[in-house]
Protein chains: 2
Amino acid sequence: MVTVTQQLGNRLRELRQGRGWSLDQAAEATQVSKAMLGQIERGESSPTLATLWKIATGFRVSFTWLVSGLSFNPGLLEKGERLQHLSTTQDLELVVRFPFDPAVGFEWVELTLAPGAQSMSDAHEPGVTEHLLVIQGVLELQLDGQWHRYETGDTVRFDANQPHGYRNPGPDLLVFEDVIHYRGV
Amino acid sequence: MVTVTQQLGNRLRELRQGRGWSLDQAAEATQVSKAMLGQIERGESSPTLATLWKIATGFRVSFTWLVSGLSFNPGLLEKGERLQHLSTTQDLELVVRFPFDPAVGFEWVELTLAPGAQSMSDAHEPGVTEHLLVIQGVLELQLDGQWHRYETGDTVRFDANQPHGYRNPGPDLLVFEDVIHYRGV
DNA sequence: TGACAACGTGCGTTAAAACGCACAAATGGC
DNA sequence: GCCATTTGTGCGTTTTAACGCACGTTGTCA
């Protein structure tokens, strides 16, 4: 598990050593104490926006360049390590397979609906696209006020910027995967 | 004088209100307390990298998008407001006309050398370019081990990724402007 | 118009970023 | 081999980010 602060630390250390600067020199150039710079390089501190800006300025590097490329990198996932049961009612279960990660721009959830269960959703913001894959049972999806039927193995993609809903007509359990992509990149 | 934190605050408030979210909703989505979100929006707080990341994640927006476009904006400069005398020896003076700003990628300094004074500089990092304009006196510039002569009104641009030096052959005072551009954008 | 809920801000507390200083290891002459 | 300097880390203090709670305001519906 490599955290964002560690990534930034590595990047900063490479930048500094690539120029042959000592922590003292970097501290003078950036007006950030060398103790703090050392902690940031070691990933022991989560710098504020102000200090990030001072670092970028001191190194004559654009702020965007300094922080670009940072990504939430969970590394290899242990089996089921990050499963999160967000909401559990009697007839609906939502499991987060992969939580949202700004680096990839989507989240992956799995929904399980008991026979007869129904889940309605209001319109999301523009630019949100859902990708569904039915794993088990039968899914009925409402779009434009009309219900569409999908069976095991079927896939469907739709713009979530509209009211929509899922239901399980039964008689079996319904399980489907949902990869939700958000626009902001 | 619009600070970086204020810019971020405005951006965040637009993002939140554009979605019709309350501070409570945003706090639940981002796992950042609404008091903190309020302070950030008002530009009263300089959030850490970790909270910036949580905000981007909660809003389903890439981190880069959230912080891109931030720029150091000093607004209209009062006459001589930001003059900084960085080093003052007997025969050399350096005045910072415009400190480095990541938004534009350069800094503007003015150097004054007494007659006979000389200043040698090691190679900078690759991608650094200096632009000189002689205001007063005669400048001699060393490049590739060879001295070149420039008089009042002359201009010269060179790659600073090499040892170079300035000297004033006299007999008058030498004054020249130096716009130093750095690559990282 | 009064009651109620929702919204944003202020306040006191806690956790942690940031600083200055000093120490230990590494480096480099002479 | 020894001394002087430099480089990075650890420590105690100060500053401030971040939190939970409560208050004043605003708008809405009965």
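All values below come from the heavy atoms of this structure, side chains included, with hydrogens, waters and symmetry mates left out. Since we're looking at a predicted model, the values are computed, not measured.
- Heavy atoms of other residues, nucleotides or ligands lying less than 6.0 angstrom from CD of B:Glu28 number 12 at most.
- Taking atom CD of A:Glu28 as the reference point, atom C1' of D:dT6 lies 15 Å away to the nearest angstrom.
- At a threshold of 4.0 Å, the pair B:Arg16-B:Glu41 counts as salt-bridged, since one of the basic side-chain nitrogens sits closer than that to a carboxylate oxygen.
- With distances taken from any side-chain atom of B:Met36 to the nucleotides C:dG8, D:dC19, D:dT9, the minimum falls on D:dC19.
- Listed candidates were C:dG8, D:dA17, C:dC19. Nearest to the side chain of A:Gln39 is C:dC19.
- Among the protein residues, A:Glu41 comes within range of no part of the nucleic acid, since none of its heavy atoms lies under 4.0 Å from any strand.
- The environment of A:Glu44 atom CD is dense: over 12 non-hydrogen atoms of other residues, nucleotides or ligands sit within 6.0 angstrom.
- Closest to the A:Leu23 side chain, of the nucleotides C:dT9, D:dA18, D:dG8, is D:dG8.
- Counting non-hydrogen atoms under 4.0 angstrom, B:Gln25 reaches nothing in the nucleic acid.
- Atom CG of B:Asp24 is separated from atom P of D:dA22 by 14 Å (rounded to the nearest Å).
- One atom, NZ of B:Lys34, and another, C1' of D:dA17, lie 19 Å apart when rounded to the nearest Å.
- Atom CD of B:Gln17 and atom C1' of C:dC7 are 11 Å apart (whole Å).
- Put simply, the side chain of B:Tyr150 does not reach to within 4.5 Å of the side chain of B:Val138, judged on heavy atoms.
- Candidate nucleotides C:dA17, D:dT9, C:dT9 were compared by shortest atom distance to the side chain of A:Ser45, and C:dA17 ranks first.
- B:Ile40 places its CD1 atom 15 Å from the P atom of C:dG10, with the value rounded to the nearest Å.
- Rounded to whole Å, atom C1' of D:dC19 lies 11 Å from atom CG of B:Leu37.
- A:Ser33 comes within 4.0 angstrom of a nucleotide base, judged by non-hydrogen atoms across all strands.
- Taking every side-chain heavy atom of B:Arg42 into account, C:dT9 is the closest of C:dT9, D:dG10, C:dA18.
- Contact annotation: B:Thr51 side-chain N/O to D:dA18 OP1/OP2 distance is under 4.0 Å.
- Straight-line distance from the CG atom of B:Leu49 to the C1' atom of C:dA18: 16 Å, rounded to whole Å.
- The nucleotide whose nearest atom lies closest to any side-chain atom of A:Lys54 is, among C:dC19, D:dT7, D:dC19, C:dC19.
- A 4.5 Å side-chain heavy-atom check between A:Gln39 and A:Arg42 finds at least one atom pair inside the cut-off.
- The aromatic rings of A:Phe158 and A:His164 lie perpendicular to each other, with more than 60° between the two planes, well past the 30° mark.
- Residue A:Thr48 places no side-chain N or O under 4.0 Å from the OP1 or OP2 atom of C:dA17.
- Picking from C:dT9, C:dA22, C:dG20 the nucleotide with the shortest atom distance to the side chain of A:Ala35 gives C:dG20.
- One atom, CD of B:Gln31, and another, P of D:dC19, lie 9 Å apart when rounded to the nearest Å.
- The side chain of A:Arg16 contributes no N or O atom lying less than 4.0 Å from OP1 or OP2 of D:dT7.
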